[in-house]
Amino acid sequence: MKLLPADGPLRGRVRVPGDKSVAHRALIFGALAEGITEISGLPAGADVASTERVLRALGVAVDRDGSRARVRGGRLDPPASPLDCGNSGTTARLLLGALAGHAAPGRTARLDGDASLRRRPMGRVTGPLARMGARFEGPAERLPLAVRGGPLRGVVHEVPVASAQVRGALLIAGLAAGGRTEVRQPRGCRDHTERLFRAMGVPVEARPLPGRPGWEAVAVAGPARLRGRPLAVPGDPSSAAFLLAAAALVPGSEVTVEGVSLNPTRTGFLAVLRAMGARVEARPGGEAAEPTGTVRVRPGRLRGVDIPPEAVPGLVDELPVLAVLAAVAEGPTRIRGAAELRVKESDRLAAVADLLGALGARVVERPDGLDIAGGARLRGAALRGHGDHRVVLSAAVAALAARGASRIDDAAPAAVSFPEFFAVLDRLRRGGKP
Ligand code: S3P
């Protein structure tokens, strides 16, 4: 697919697809809850469709109508055939927690995914779940794997990675366990599981961990049952980030995204964008289980920044597109403590270094980050998306700022989180025409 440079400013007010993280959870929690959960604002992307497909295969009644769904809670009833999680790590990891505790006792569920998902680490979830009494076939380090339903017990977990997927999986299992399940982790990862549990009637304790600076503990007392209720999924800030980054990059732009999540565990990108010199206004307006609002971005003189390890959980999915901004900003940018990016849908540190290198930027890959020289004059090039939605969308944003057209090997992965991206970008291009 051809990726064209901007030929004028990007202007307009837009909405983005519903937040992927909240949507997966709303569907899965609805499936486990007592009664009916009515969900609005669901995205059309392939990842959330994977969660929906797997839940249906488990016998859950999910009636979907556009961006709305009605989920009837009940037991998960694993079929004999593998459950296909597609490209979605969140689907696989959260469902491992759900199946370990909530599948019909003695029944085995088989989980599988595409080539990318089969490479991703699952031991970080299956290891702690096994300590709670979950039974897996084989080493359970990678998909495909099999988990058998059975009784669980509450356990205190020490999880060295700040992963919301791991935390979510363990808390979901904790709902079915006898006693208290506590997850101790480095601070800062997204808190959607905790917020939705509370909204659905299950208390969650969250506190800083005494004697462990930078760590926090969250805990749930089991057994506990979520209660079905209406849930509104806000706009996905990680999808909005591509449009807002584009606005910061293209002279004369002004892009406003409405109805987007302003959950403080997801706004790290806006803080860095501001620190880089873009003009960013965030106006809160509306709070359900998640705070939402409107964000407007206009360009400013961009300068390089330091992104330290403790900032990474709050912008982990936005680092690829921040790296694009860093490439053209004045002065160097240093990203550290981001080794997790190597085990996302692709090795995102390598993929971003490859992408920016092809466009003519100077980037040095580090084991846990990137050094980006800044000041690059990007030139159109042949780009690789590495089969990763966030790399493809970052490439499209970078191409806007390049001299000459670029070409990407395969833009289809964009549909994993943001199928409407190219149409929305076109609308913003037209909005900028006199
Ligand atoms: C997610 C958590 C993050 C993020 C992913 C979605 C979630 O992964 O990268 O896109 O919904 O919990 P980790 O928790 O593994 O960092």
Side-chain angles (χ1 to χ4, degrees), residues 17-29 42-43 45-48 50-51 85-98 113 116-117 119-128 142-143 157 159-172 183 185-197 216 218 233-234 236-242 261 263 265-266 268-269 289-290 309-322 337-349 351-352 368 388-394 413-414 416-418:
D19 186 65
K20 205 153 75 68
S21 289
V22 174
H24 287 299
R25 286 167 173 80
L27 288 163
I28 294 171
F29 299 173
L42 287 168
D47 264 13
V48 171
S50 289
T51 288
C85 301
N87 189 243
S88 176
T90 313
T91 305
R93 294 191 177 120
L94 295 185
L95 276 160
L96 280 169
S116 151
L117 190 53
R119 284 192 292 270
R120 299 181 64 187
M122 293 295 149
R124 52 178 61 190
V125 176
T126 56
R142 303 254 185 284
L143 296 185
H157 299 282
V159 180
V161 289
S163 162
Q165 293 177 357
V166 174
R167 176 191 289 188
L170 300 178
L171 292 177
I172 293 167
V183 185
Q185 267 184 322
R187 189 170 45 216
C189 62
R190 59 195 71 185
D191 62 357
H192 308 302
T193 299
E194 299 91 292
R195 283 176 185 267
L196 287 176
F197 273 19
E216 62 190 353
V218 296
V233 180
D236 194 326
S238 301
S239 294
F242 297 102
S261 169
N263 177 320
T265 61
R266 301 289 298 279
F269 169 76
E290 294 278 335
E310 59 275 15
V312 167
L315 45 70
V316 63
D317 291 335
E318 291 73 65
L319 282 171
V321 79
L322 275 176
E340 270 299 297
L341 291 202
R342 296 205 181 274
V343 292
K344 296 289 181 189
E345 288 82 328
S346 68
D347 175 343
R348 286 186 179 157
L349 295 180
V352 167
D368 68 335
D388 181 334
H389 57 128
R390 301 211 196 274
V391 177
V392 170
L393 296 173
S394 299
V416 160
S417 58
F418 200 168

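Remember, it's 1-based here, ligands and their atoms both numbered in the order they're listed. In what follows, every heavy atom counts, from backbone to side chain, and hydrogens, waters and symmetry copies are set aside. Predicted, not measured: the structure shown is a model, and the values here were computed from it.
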Need the ligand 1 atom indices (1-based, order shown) with element for anything under 4.0 Å from a heavy-atom of Ala164.
12 (O), 14 (O)
Decide yes or no on salt bridge (Lys or Arg N to Asp or Glu O under 4.0 Å) for Arg167 and Glu194, but give the supporting numbers first.
CA-CA 10 Å; Arg167 176 191 289 188; Glu194 299 91 292; 2.5 Å; yes
Between the main-chain N or O of Val22 and the side-chain N or O of Asp19, is there a donor-acceptor pair closer than 3.5 Å?
yes
Do side-chain atoms of Asp236 reach the backbone of Lys20 as a donor and acceptor pair under 3.5 angstrom?
yes
Could you work out, for atom 1 (C) of ligand 1, the closest of Gln165, Arg124, Glu318 by heavy-atom distance?
Gln165
With rounding to the nearest 0.5 Å, note down the distance linking CZ in Arg195 to OG1 in Thr265.
6.5 Å
Which residue and atom name correspond to the protein heavy atom nearest atom 15 (O) of ligand 1, and how close is it?
Ser163 OG, 3.1 Å
Just to verify, what does Phe197 make a ring-ring contact (aromatic ring centres under 6.0 Å, His included) with, not counting sequence neighbours?
Phe29
Please identify which of these residues, Thr51, Leu117, Ile28, Leu27, meets the side-chain contact (heavy atoms from CB on, under 4.5 Å) condition with Thr91.
Thr51
Taking only heavy atoms of Asp317, which atoms of ligand 1 are found under 4.0 Å from at least one of them?
4 (C), 5 (C), 9 (O), 10 (O)
Show which atoms of ligand 1 fall inside a sub-4.0 Å distance from at least one heavy-atom site of Ser21.
1 (C), 6 (C), 7 (C), 11 (O)
Options Arg93, Glu345, Lys344, ranked by nearest heavy atom to atom 8 (O) of ligand 1, top entry:
Lys344
To check your reading of the model: name the closest protein heavy atom to atom 12 (O) of ligand 1, its residue, and the distance in Å.
Arg25 NH2, 2.7 Å
Under a 4.0 Å heavy-atom limit, does His24 contact ligand 1 with its side chain, its backbone, both, or neither?
neither
